[in-house]
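Read through the structure below, which is laid out as structure tokens, and then see the notes.
Note on naming: letters A, B, ... go to the chains in the order of the sequence lines (proteins, then strands), and numbering restarts at 1 for each one.
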Protein chains: 2
Amino acid sequence: MKTAADAKTDTSKRILDIAEELLLTRGYNAFSYQHISSALGVRNAAIHYHYPKKTDLGVALIQRYRRRFQRFVEAQLALTPAQQLEQYYTLTDAYFERDQQICPSGILTTEYQTLPEEMQQEANAFVDEMRDWAVSIAARGRADGSMRYAGTPEAMGLLMLAALQGGLQLARTDQAVIDVLKIQIRALLGLDVPLP
Amino acid sequence: MKTAADAKTDTSKRILDIAEELLLTRGYNAFSYQHISSALGVRNAAIHYHYPKKTDLGVALIQRYRRRFQRFVEAQLALTPAQQLEQYYTLTDAYFERDQQICPSGILTTEYQTLPEEMQQEANAFVDEMRDWAVSIAARGRADGSMRYAGTPEAMGLLMLAALQGGLQLARTDQAVIDVLKIQIRALLGLDVPLP
DNA sequence: CAAACTTTACTTACTGGTTAGTAAGGTGTC
DNA sequence: GACACCTTACTAACCAGTAAGTAAAGTTTG
């Protein structure tokens, strides 16, 4: 009898884990099947067995992000907008603390022009989902009166997404960037700065 | 007699121009000397004659950006902060309209971990200079009363830089991003929206 | 229950293409 | 004839991807 865990082979999942690490630190064009196979202790062709083309691996990576992000969002539907923002911050910190990774949308949109079309489409969908979530935080915050800011929720959500995406990249040259941006976004939203 | 123009050979400059286009559309890791030589109609080794290592080309590119950006900043010292911001917007638009390019700091910080150390140092300096300029706009705007915003000028300048850097990348999936961000940043600075 | 097969998850060994980089030579100009 | 600016011709490394084979586990069938 097959267990649910068999659906995704252990090796298959470990390939995704290693590829994810490589994608967020080096970018899609700057990692190879060699990197993965040597990290995993198998031969090159073994990676091709699980993901025949590099495009297949790239698409699988983004799809996993999308599923994960959807669960992340759903798990926080009951939180206040301010709490949701803090969760977003926690996510951002987690990326940076793990080898100065940047967020997936940052890699995918930066390398966009060189990505195969199937990856571009997945990237579009992923960016849309992240943007929708940021906008919904801004919209709910305004609706319940907990956030006060200029402009529309659509624009404010987009600004938060863009600033944190750019911020994670800039943090590689100065790690203080993230904290400064987190505080500034709270300030622009009219939120009280949490006591240390 | 040598003219001043000979200091930088015509071919040498054209290599930089083509490399710049490739860097801002494809990224440093995703363009090769082949791309340049075929675009220029010369052989591969001719590029190596002018820039022996790819690192040399990369460093030369960033240094040219830095000189160009310094002239850009100096040419606008006399403008009001709001006018300086509009010039920054114009620069941002120019990138996007040219084959959906992104800003150099976006490429350099995203690919940062894979860049040779000499390029990393140049990139650090370049990012610092861009950041300083953004901060100075926010600072002068507050000082002369033309801009009203929450937080410190340092934080607000950094936020503008991060948002526009991220925004140029996100614009590849939705071109309306830039305009939305430009309007939102004006709003957050308490600037009147210019009439269309 | 066991022999016969099919499938899974690899391996070895390879191809053809691209990469940065080099060495040596040619050509025109001051 | 020295120098600037290129060429041809090459190397060694790496890249994604493929073909064929293998060992073990699972499945089917007599």
Side-chain angles (χ1 to χ4, degrees), chain A residues 1-20 22-23 25-62 111 113-120, chain B residues 1-23 25-62 107 111 113-120:
Chain A
M1 172 189 152
K2 279 180 182 277
T3 66
D6 289 357
K8 200 123 231 178
T9 296
D10 187 55
T11 302
S12 187
K13 186 192 172 295
R14 275 166 52 189
I15 291 172
L16 277 187
D17 290 341
I18 293 166
E20 176 177 325
L22 288 165
L23 178 73
T25 49
R26 302 181 51 89
Y28 182 76
N29 293 308
F31 82 82
S32 70
Y33 273 32
Q34 255 87 303
H35 286 113
I36 302 172
S37 59
S38 70
L40 195 56
V42 297
R43 297 297 171 159
N44 220 312
I47 317 293
H48 281 284
Y49 171 77
H50 292 279
Y51 302 95
K53 311 284 161 101
K54 198 182 176 186
T55 301
D56 300 325
L57 175 58
V59 168
L61 265 180
I62 311 179
E111 294 191 299
Q113 325 268 49
T114 67
L115 297 180
E117 215 217 304
E118 299 133 281
M119 283 185 69
Q120 289 185 349
Chain B
M1 170 192 152
K2 278 180 183 278
T3 66
D6 287 357
K8 200 122 233 181
T9 296
D10 188 55
T11 303
S12 187
K13 184 191 173 296
R14 276 169 44 187
I15 291 172
L16 277 187
D17 290 341
I18 294 167
E20 175 178 326
E21 168 100 16
L22 288 165
L23 178 72
T25 50
R26 302 180 52 89
Y28 182 76
N29 293 307
F31 83 82
S32 70
Y33 274 32
Q34 255 87 303
H35 286 112
I36 301 173
S37 58
S38 70
L40 195 56
V42 296
R43 296 296 170 163
N44 220 313
I47 317 293
H48 281 285
Y49 171 77
H50 293 279
Y51 302 95
K53 311 284 161 100
K54 198 182 177 186
T55 301
D56 300 325
L57 175 58
V59 167
L61 266 179
I62 311 179
I107 284 281
E111 295 191 300
Q113 324 268 48
T114 67
L115 297 180
E117 213 216 306
E118 298 133 282
M119 285 185 67
Q120 289 184 349

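- Screening A:Leu61, A:Val59, A:Leu16, A:Ile36 for a side chain to side chain contact (heavy atoms under 4.5 Å, CB included) involving A:Tyr51 leaves a single residue, A:Leu16.
- For the pair A:Tyr33 OH and D:dT18 C1', the computed distance is 13 Å after rounding to whole Å.
- Between the CD atom of A:Gln34 and the P atom of C:dT18 there is a distance of 17 Å, rounded to whole Å.
- Side-chain nitrogen and oxygen atoms of B:Ser32 include none within less than 4.0 Å of the OP1 or OP2 phosphate oxygen of C:dT18.
- The distance between atom CE of B:Met119 and atom P of C:dA20, rounded to the nearest whole Å, is 13 Å.
- In this structure, B:Tyr49 reaches the D:dC5 phosphate: one of its side-chain N or O atoms is under 4.0 Å from OP1 or OP2.
- Straight-line distance from the NE2 atom of B:His48 to the C1' atom of D:dT7: 14 Å, rounded to whole Å.
- Per the geometry, CD1 belonging to B:Ile36 stands 11 Å off P belonging to C:dT19, to the nearest Å.
- Under the 3.5 Å distance criterion, the side-chain polar atoms of B:Glu111 are matched with a main-chain donor or acceptor of B:Asn29.
- The nearest heavy atom of DNA chain C to B:Phe31 and to A:Val42 marks one nucleotide each, and the one closer to the 5' end goes with A:Val42.
- Within the 3.5 Å criterion, the main-chain N or O of B:Tyr28 finds a donor-acceptor partner in the side chain of B:Lys54.
- Listed nucleotides: C:dC10, D:dC6, D:dA16. Nearest to the side chain of A:Lys54: D:dA16.
- Rounded to whole Å, atom P of D:dC15 lies 6 Å from atom NE2 of A:His35.
- The separation between B:Lys13 atom NZ and D:dC5 atom C1' is 19 Å, rounded to whole Å.
- Distances shown here put a side-chain N or O of B:Thr11 below 4.0 Å from the OP1 or OP2 atom of D:dC6.
- As rounded to whole Å, 20 Å separates atom C1' of D:dT18 from atom OH of A:Tyr51.
- Here the nucleotide nearest the side chain of B:Ala45, chosen from D:dA9, C:dA20, C:dT12, is D:dA9.
- The nucleotide whose nearest atom lies closest to any side-chain atom of B:Arg43 is, among D:dA16, C:dT19, D:dT8, D:dT8.
- In this structure, CG on A:Asp56 lies 13.0 Å from NE2 on A:His50, to the nearest 0.5 angstrom.
- A distance of 11.0 Å separates CG in B:Leu57 from CD in B:Glu20, rounded to the nearest 0.5 Å.
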